[in-house]
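Just so you know, these numbers come straight off a predicted model, no measurement behind them. Labels below follow one simple rule: chain letters A, B, ... track the order of the sequence lines, proteins then strands, and each chain is numbered from 1.
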Amino acid sequence: MPATNRPTPRWVFVMEPKRCIDCEACMIACTVENGVPLGHHRNWIGHQEKGVFPHVSVLFTPENCHHCTNPPCERVCPTGATYRREDGLVLIDYDRCIGCRYCMQACPYDARYFDEESGVVDKCTFCVHRLDAGLPPACVETCVGGSRHFGDLNDPESEVSKLLARHRAYTIYPEAGSGPAIYYITE
Amino acid sequence: MTQQMEWGLLVVIYLYTAGISAGLFAISGLATYLGGGRYRRLARLGALLAPWPIMLGLAMLVFDLGRPLYFWLLFTTLQYTSPMSIGSWLLTLFVVIALAYLVVWLPQPLRNLVRLPAAWSDLTALRRWQPLDERLVRRGRGILAAVGFPIALGVGMYTGVLLGAIPARPFWNTPMVAQLFLFSALSTGVAFLLLVAALIGRWVDREALRHERHLLISVDAVLIVLEIFLIIPFFLHQSLNTWSAAASLQLVLGGPYTAPFWGGVIVVGLLAPLAIEGYELFPLILKEGALKYSRLLGIISSLLVLVGGFFLRYVFVYAGQASHLLPVIAR
């Protein structure tokens, strides 16, 4: 399909917790790719315990910024430094950020961190520099178990669209009204 | 991903001092209108004190930024969905009005040092600038008090809206935080005025002092009662709200902020000063005599209110940041 006929992309993550082995390669890949300062991470792996002893299990849930459709961080930013690009990426204009950290209070996912050295807040960008060059985010490319899937939800032929058509999925904290763009497959 | 306290004591001090200034201005404005000349000294004292706490707080706030030198970026835009953006403009407007209000309440000799050009043509000729005209000053007091009063209330409310407007922090996310902070702002402003008036009281005659104290103590007692009747529904609503909201109450009901909340906010900040003020007002309530006047009690009760107001900001800023939405356990 020619690019001009396609609607604006809606970039999403589809995670398969059952494929995640908590190896944290995605965290390393992100740190290397984006030069994330020591002590901070743009992505992480949640641990979801379920069951009652002795029948217990842990699911690993890879996570990063949810690039919400209604981002609470963008809403509260007093200088307009956090903005939402046309394709839904929630990005930060580092020249306008004054480091007030109000966005960090507003984020239901604690996805943001304060970079003490530069004095601004930072977070996952869905590897916007790679995306604009036609490459998937670094964490997706490196994922060992194939738990992280990334793609355009507005394209019915994309891997993420097909996964979401076949499986039941949930989002985290939908009650925050932020409209997160990371889906977790439950079965 | 970071799970630490991003906002610390500097933000606590900022919210606290902004509240005191708002309260000082509001009570000074009220004193300007109520009782004719009876509360003149209170109106003046309030006006002279009002701009300073908030200016100290704003300095703290700028210092707390990641890039303090770029604070001016706040004033290149108005982000109407951001309480902090609206607040920045509101607080700036308030400080300007409070400073102008201070000038018109300065004692005559000091006021004469402030000079303004009488005509546009004098704008560059500093020597021809005139001291403020007496009629203008008297009118200015009334107008600035009237214009500044709602803005002062807005500042007091803003300190709570800043926290309350965030769905991600269940401990904050109720409109009652804004109301509570507003009433606490007014109460701490009144207490600050009461404290200063009591400390310099020996230069005024006892009769005037009694009138002043009657006004301040009654207003403060009413505000404390209003605060108590906001904290009660705060607990009721939060505990009957979502799981996250109910769980966030644990922070003050057997968590790290239990002692500062029940000891600092409830006992020191509300119940103890209310008891003292009730004792002072008791003869009036029974219509059996005059206000029980004691300089020491005034100083103690206002200090208690001021300490309690600080604890209120402290507990809310810290506990709110520690509160979090809770995950739905996967089946």
- [ ] Name the region of D95(A), side chain, backbone, both or neither, that has any atom closer than 4.5 Å to a heavy atom of chain B.
- [x] backbone

Task: Neighbour count above 12 (heavy atom, 6.0 Å) for H129(A) NE2 - done: yes

Task: Whether over 12 other heavy atoms sit under 6.0 Å from H55(A) NE2 - done: no

- [ ] In sequence, state the C-alpha distance, the side-chain angles, and the governing distance for R169(B) and D110(A), and then conclude on salt bridge (charged side-chain N to carboxylate O under 4.0 Å, His left out).
- [x] CA-CA 11 Å; R169(B) 307 286 159 202; D110(A) 286 329; 2.9 Å; yes

Task: chain A contacts, top residue of L73(B), T242(B), V62(B), T77(B) (heavy-atom pairs, under 4.5 Å) - done: L73(B)

Open item on the list: Any side-chain to backbone donor/acceptor pair from R101(A) onto D64(B)? Under 3.5 Å, distance only.
Closed with: yes

Task: Distance (rounded to the nearest 0.5 Å) between M5(B) CE and M104(A) CE - done: 12.0 Å

- [ ] Could you tell me which portion of I172(A) (side chain, backbone, both or neither) has an atom closer than 4.5 angstrom to a non-hydrogen atom of chain B?
- [x] neither

Task: Heavy-atom pair of closest approach, residues A106(A) and I166(B) - done: CA-CG2, 3.6 Å

Open item on the list: Can you tell me which portion of L69(B) sits under 4.5 Å from chain A's heavy atoms? Options are side chain, backbone, both or neither.
Closed with: neither

Open item on the list: Can you tell me which portion of C100(A) sits under 4.5 Å from chain B's heavy atoms? Options are side chain, backbone, both or neither.
Closed with: both

TODO: Output the option from N173(B), L162(B), L163(B) having the highest count of non-hydrogen pairs under 4.5 Å with chain A.
DONE: L162(B)

Task: Y102(A) side chain to M84(B) backbone, donor-acceptor under 3.5 Å - done: no

TODO: Verify the neighbour count for atom CZ of F63(B): are there more than 12 heavy atoms of other residues, nucleotides or ligands below 6.0 Å?
DONE: no

Open item on the list: I'd like to know which of G177(A), C77(A), C65(A), G51(A) tops the heavy-atom pair count under 4.5 Å against chain B.
Closed with: C77(A)

Open item on the list: With a 4.5 angstrom heavy-atom cut-off, is it the side chain or the backbone of S178(A) that approaches chain B, or both, or neither?
Closed with: neither

Task: Per-residue contact mode, W7(B) against chain A (heavy atom under 4.5 angstrom) - done: both

TODO: Side chain from CB out, backbone as N, CA, C, O: work out which of these in C107(A) comes under 4.5 Å of a heavy atom of chain B, or both, or neither.
DONE: backbone

Open item on the list: If I measure from the heavy atoms of chain B, does C124(A) come under 4.5 Å with its side chain, its backbone, both, or neither?
Closed with: neither

TODO: List the atom of A176(A), the atom of P167(B), and the distance in Å for their closest heavy-atom pair.
DONE: O-CB, 4.2 Å

- [ ] Verify the ring-centre separation between H324(B) and Y109(A): is it less than 6.0 angstrom?
- [x] no

Task: Minimum side-chain heavy-atom gap V120(A)-R67(B) below 4.5 Å - done: yes

Task: Spacing of T79(A) atom OG1 and F75(B) atom CZ [to the nearest 0.5 Å] - done: 11.5 Å

Open item on the list: Quick one about T76(B) and R96(A) (side-chain donor to acceptor, distance below 3.5 Å, no hydrogens or angles considered), yes or no?
Closed with: yes

- [ ] May I ask you to name which of V76(A), I98(A), V121(A) has the most heavy-atom pairs under 4.5 Å with chain B?
- [x] I98(A)

- [ ] Compute whether any side-chain donor of one residue and acceptor of the other, for E6(B) and Q105(A), lie under 3.5 angstrom apart.
- [x] no

Open item on the list: Any non-hydrogen side-chain atom of Y173(A) less than 4.5 Å from a side-chain atom of P327(B)?
Closed with: yes

Task: Heavy atoms from other residues, nucleotides or ligands near OH of Y70(B) exceed 12 (cutoff 6.0 Å) - done: no

Task: Donor-acceptor contact present, side-chain T81(B) to main-chain R75(A), <3.5 Å - done: yes

